Amino acid sequence: TAQRKIRNFAIVAHIDHGKSTLADRILELTDTVSKREMKDQLLDNMDLERERGITIKLNAVQLKYHGKDGVDYVFHLIDTPGHVDFSYEVSRSLAACEGAILVVDATQGIQAQTLANVYLALDDDLEILPVINKVDLPSAEPERVKQEIEDVIGLDTSDAVEISAKTGLNVDKLLEEIVAKIPAPTGEIDAPLKGLVFDSIYDDYRGVVLSVRIFEGVVKAGDRIRLMNSGSEYEVTEVGVNSPKPLPRDFLMAGDVGYLTASIKDITQTRVGDTITLANHPAEKALPGYREMIPMVYAGLYPTDNAKFEDLREALEKLKLNDASLEFEPEVSEALGFGFRCGFLGLLHMDVVQERLEREFNLDLITTAPSVTYHVYLTGGNMVEVENPAEMPDVSSIKSIAEPYVKATIMVPNDYVGAVMKLCQARRGEFVTMEYLDDARVNVIYQMPLSEIIFNFFDKLKSSTKGYASLDYEVDGYHASDLVKVDILLNGDQVDALSFIAHRQFAEERSRDIVRKLKEIIPRQNFEIPVQAAIGSKIIARTNIKAYRKDVTSRIHTGDPDRRAKLLEKQKRGKKRMKAVGKVDIPQEAFMTVLQSD
Ligand code: GDP
Ligand code: MG
């Protein structure tokens, strides 16, 4: 059957090992994209991805490959992100494939996300093809890296292709390996339809566009489909594949990866992981779907203009279609008004969500400092979960507080083990063990509070190891800690959105730091503003923002009209990101000061 000619695979790797560049070469070699249309990291089509040079979203494309055996193959390739915050995109991609291409940078070797991705692929029983990339670089050590893959992961590397995704060297050999090693999909074409929804996006004209992997049966325009978990039914308006532009097709059949539209406007009815089937000839059982992701950090998102609250709700709902790991629920802040408490997989994820909401939905937002979920045990015996420091119950009613811990695995060259241990210890880490990977590198494993990881731990780790360390972590239960809530008062008024939770031992130092930073960030006004940090009613740090003198008002003294216009524009933009709390204007950066402290 036609299925014998199909190969479905995802490209996975640690960040920057060359996944997207390899996808470029494959698109080129298969003439999927003409030389004229070709550009670097073509599949990173979001502005944000191009600006930051990272892949954020999975991207599935169909290509035709004319094999050396004379057969025309159909490949469905899925490029995936490498950053740990987007690993949900990877696991969803893998569930749509039979194989995974594991790209390993020949100058770096195995890194933390290389391992994490291998485990994900093994969970799905995928065929893993290791590929050694960047062999054009003088510092490449393909033999050493192959040995490492054999020793650490236990994959056979005797057939691993040594490529340069940049120059295209040996990418043709890799294509033949894909044909030879990755199994063709199986699945009955005559069986009732079973398709996995692995991604979705909202389109103003077409409604929800579902990315689907068909496992059994056939689907075409005009079919009435049912989403098996939500129970909702729709008539299919179009099916097709991305190549990489959408190309409508007559049908999608078992083994295919493509898209489907059905004028779905009710966005709450579609969830990734759901199974589509035919309404009048349904499958008996839905596909297993996906594990729900548990957010690691929470932060408040508020429109700078309170009238935009409903717009923000709609934007979040639409964005969730394309970002299944996003969670949100409404909350109210005295300082910021109506907004949403959102759950994210990490700080990069949070940053990307804010940027996407602002760019794709034209909103101006204020984000509060991220927090983890605390388990607060009350003297009455109950436990409450607290995601927002402002909602911490009164000290008098708290028996104890527990916080989430992670098992952090840090992969690092021997020389930096000391530096890593010092950093982890300073972040309340408890040493667990050390595993030697080969004679040059070790895995250092620590148990640490998640909150210590989210406060710029990664940057510190990179800077103290000259960029050589890589980090992976997984949640490892809750442990009681001596935590306190610190409130910030401006001009005597408590600003709920600035409250934070800290270990008692570090509360004072951190408060002094934050108070000092707030003094720098908050613009002077025509009266003196006391800035204070307090635990309960006890002030633990304070400073004053002096009133401005008459002659240094923010009025613009310049004769040059161009410059004047520019300055005014700057002020206006800055103003947009300010929130007046009582009589004090607080800029966006203030809400993030907690993060910059060390
Ligand atoms: P991804 O994060 O895995 O998708 O990695 P990218 O494809 O975005 O590549 C990361 C960086 O490595 C980019 O600057 C690429 O130009 C570079 N790169 C990728 N493959 C090669 C290669 O084979 N040789 C060299 N010299 N650089 C490469
Ligand atoms: Mg990429």
Side-chain angles (χ1 to χ4, degrees), residues 9-29 32-33 38-61 77-94 97 100-118 120-121 128-146 149 160-175 177 199 242 244 323 346 348-349 352 411 458 462 467-468 470-472:
F9 57 91
I11 306 182
V12 299
H14 190 77
I15 194 157
D16 274 351
H17 282 206
K19 295 174 291 295
S20 300
T21 308
L22 174 59
D24 287 348
R25 291 297 85 72
I26 297 181
L27 291 176
E28 237 171 43
L29 268 179
T32 310
V33 178
M38 197 62 213
K39 51 184 177 183
D40 286 351
Q41 283 97 18
L42 183 110
L43 295 183
D44 289 343
N45 49 17
M46 242 194 274
D47 287 347
L48 202 54
E49 292 180 312
R50 303 201 70 80
E51 282 166 27
R52 299 196 179 194
I54 56 165
T55 309
I56 292 164
K57 280 297 300 173
L58 66 89
N59 213 320
V61 285
L77 169 163
I78 309 185
D79 186 22
T80 65
H83 193 281
V84 56
D85 281 16
F86 306 119
S87 63
Y88 198 39
E89 297 285 319
V90 181
S91 56
R92 296 203 326 277
S93 304
L94 292 171
C97 296
I101 310 235
L102 177 71
V103 179
V104 184
D105 184 330
T107 67
Q108 303 274 318
I110 295 173
Q111 303 274 296
Q113 259 65 54
T114 317
L115 277 180
N117 284 322
V118 166
L120 287 176
I128 302 175
L129 291 191
V131 172
I132 314 299
N133 189 30
K134 305 199 188 181
V135 296
D136 59 292
L137 292 174
S139 53
E141 296 181 274
E143 287 312 319
R144 188 187 64 75
V145 170
K146 279 192 198 172
I149 294 174
V161 190
E162 296 178 16
I163 64 164
S164 165
K166 190 168 177 178
T167 68
L169 175 78
N170 288 340
V171 177
D172 55 337
K173 293 211 177 89
L174 175 60
L175 295 179
E177 276 289 295
D199 200 8
N242 296 309
D323 183 350
L348 179 62
H349 183 215
V352 163
M411 204 180 277
F458 193 58
K462 283 280 175 191
Y468 280 117
S470 58
L471 164 76
D472 189 34

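As the structure lists them, so they are numbered: ligands from 1, and atoms in each ligand from 1. All values derive from a computational prediction rather than experimental measurement.
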Q: Find out whether Ile132 and Ile163 are in side-chain contact, i.e. whether some heavy atom of one side chain is under 4.5 Å from a heavy atom of the other.
A: no

Q. For Gly18 and ligand 1, does the shortest N/O to N/O distance drop below 3.5 Å?
A. yes

Q: Among all protein heavy atoms, pick the one closest to atom 20 (N) of ligand 1 and tell me residue, atom and distance.
A: Asn133 ND2, 3.2 Å

Q | For atom 26 (N) of ligand 1, closest protein heavy-atom neighbour | A | Asp136 OD2, 2.9 Å

Q: Would you give the length of the straight line joining atom OH of Tyr88 to atom OG1 of Thr80, rounded to the nearest 0.5 angstrom?
A: 15.5 Å

(Q) Among Thr55, Ile54, Asn59, Ile11, which residue satisfies the side chain to side chain contact (heavy atoms under 4.5 Å, CB included) criterion with Ser20? (A) Thr55

Q: Of the side chain and backbone of Thr21, name the one, both, or neither that has a heavy atom under 4.0 Å from an atom of ligand 1.
A: both

Q) Residues two or more places apart in sequence or in another chain: which of them pass side-chain contact (heavy atoms from CB on, under 4.5 Å) with Asp105? A) His17, Thr107, Gln108, Lys134

**Q.** Options Lys134, Lys166, Arg25, His17, ranked by nearest heavy atom to atom 18 (N) of ligand 1, top entry
**A.** Lys134

Q. Is the closest side-chain heavy-atom distance between Glu28 and Val33 below 4.5 Å?
A. no

Q) Who's the nearest protein heavy-atom neighbour of atom 8 (O) of ligand 1, and how far? A) Gln41 NE2, 3.2 Å

Q. Which ligand 1 atoms are under 4.0 Å away from a heavy-atom of Ser164?
A. 22 (C), 23 (O), 24 (N)

Q | Partner residues of Phe86 under the ring pair (Phe, Tyr, Trp, His ring centres under 6.0 Å) criterion, sequence neighbours left out | A | none

Q. At distances under 2.8 Å, what protein N, O or S atoms surround the Mg ion (ligand 2)?
A. Ser20 OG, Thr55 OG1

Q) Between His349 and Asp323, do the side chains contain an N or O donor and an N or O acceptor separated by less than 3.5 Å? A) yes

Q.
Below 4.0 angstrom, counting only protein heavy atoms, does anything approach atom 14 (O) of ligand 1?
A. no

Q) Do Asp136 and Thr167 get their side chains close enough for a donor-acceptor pair, meaning under 3.5 Å? A) no

**Q.** Which of the ligand 1 atoms, numbered from 1, are nearer than 4.0 Å to a heavy atom of Leu137
**A.** 26 (N)

Q: Using a 4.0 Å heavy-atom cut-off, say whether Asp16 meets ligand 1 through its side chain, its backbone, both or neither.
A: both

Q) Can any side-chain N or O of Arg92 pair as donor or acceptor with the backbone N or O of Leu58 at less than 3.5 Å? A) no

Q. Between Lys39 and Asp24, is there a salt bridge with N-O shorter than 4.0 Å?
A. no

Q: With heavy atoms only and a cut-off of under 4.0 Å, state how Ala165 meets ligand 1: side chain, backbone, both or neither.
A: both

**Q.** Partner set under salt bridge (Lys or Arg N to Asp or Glu O under 4.0 Å) for Glu49, not counting sequence neighbours
**A.** none

